[in-house]
Chemist: 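Below is the structure I would like to discuss, written out as structure tokens.
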Amino acid sequence: MERLPARARIIGYAMMVLAMLLALARRQGWLAGWPDPAVVAAALTVGAVGAMLVVTELMVRGLYAQIATATPPGDSADGILADPGADADAPEDGKGGARG
């Protein structure tokens, strides 16, 4: 699972390079037969999706780093959201509690 985000970031960088190459090809006249709005739309779309992939992967990496830093040594980070339905007011023996 570690390698999937790295691949997403590399794909994002490749998409941004592709957008740059589309813009350069249009500027040099290599795509003279294509209408300008189509080339601009393709370049903007490909570049924006690539940038979103890169930024998202970096944010997820930063989130994992913060979780790893906040987790005490010897404890697992998997237990942070382990039992969201646990009732903190219920006593261990199952009798009564704050709700009676």
Side-chain angles (χ1 to χ4, degrees):
M1 187 162 165
E2 176 70 25
R3 295 189 46 82
L4 183 61
R7 288 182 188 156
R9 188 178 60 196
I10 291 171
I11 290 170
Y13 285 133
M15 290 177 79
M16 288 191 288
V17 168
L18 177 63
M20 182 187 66
L21 291 175
L22 275 172
L24 180 66
R26 181 63 187 145
R27 178 103 173 157
Q28 295 294 326
W30 299 332
L31 301 175
W34 292 22
D36 285 339
V39 176
V40 170
L44 285 175
T45 302
V46 170
V49 170
M52 285 189 291
L53 283 172
V54 171
V55 168
T56 302
E57 193 274 330
L58 292 175
M59 286 191 304
V60 168
R61 180 183 288 199
L63 178 64
Y64 284 151
Q66 286 182 352
I67 290 173
T69 303
T71 306
D75 194 9
S76 172
D78 296 334
I80 292 176
L81 301 174
D83 193 9
D87 189 5
D89 295 335
E92 293 295 324
D93 61 359
K95 298 179 188 174
R99 298 176 203 197

Chemist: Pairs under 3.5 angstrom only: tabulate donor-acceptor contacts from the side chains of residues 17-26 to other protein residues two or more places apart or in another chain.
Modeler:
| from | atom 1 | to | atom 2 | distance (Å) |
| --- | --- | --- | --- | --- |
| R26 | NE | D36 | OD1 | 2.5 |
| R26 | NH1 | L31 | O | 2.8 |
| R26 | NH2 | D36 | OD1 | 2.2 |

Chemist: Hey, what do you get for OG1 (T45) to CE (M15), rounding to the nearest 0.5 Å?
Modeler: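 It comes to 9.0 Å.
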Chemist: With salt bridge (Lys or Arg N to Asp or Glu O under 4.0 Å) as the rule and sequence neighbours excluded, what pairs involving residues 40-50 come up?
Modeler: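 Matches after skipping sequence neighbours: none remain.
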Chemist: Say whether L53 and M16 are linked into one hydrophobic cluster, either directly or through other cluster members, by side-chain heavy-atom distances under 4.5 angstrom.
Modeler: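 Different clusters: L53 never reaches M16 through Ile, Leu, Val, Met, Phe, Trp or Tyr contacts under 4.5 Å.
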Chemist: Mind checking the CG-CG spacing from L63 to L58? Nearest 0.5 Å is all I need.
Modeler: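 One finds 12.5 Å between CG of L63 and CG of L58.
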Chemist: Among the clusters formed by ILVMFWY side chains lying less than 4.5 Å apart, do V39 and V46 turn up in the same one?
Modeler: no
Chemist: Is there side-chain contact between V55 and M52, with at least one heavy-atom pair below 4.5 Å?
Modeler: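 V55 vs M52: side chains apart.
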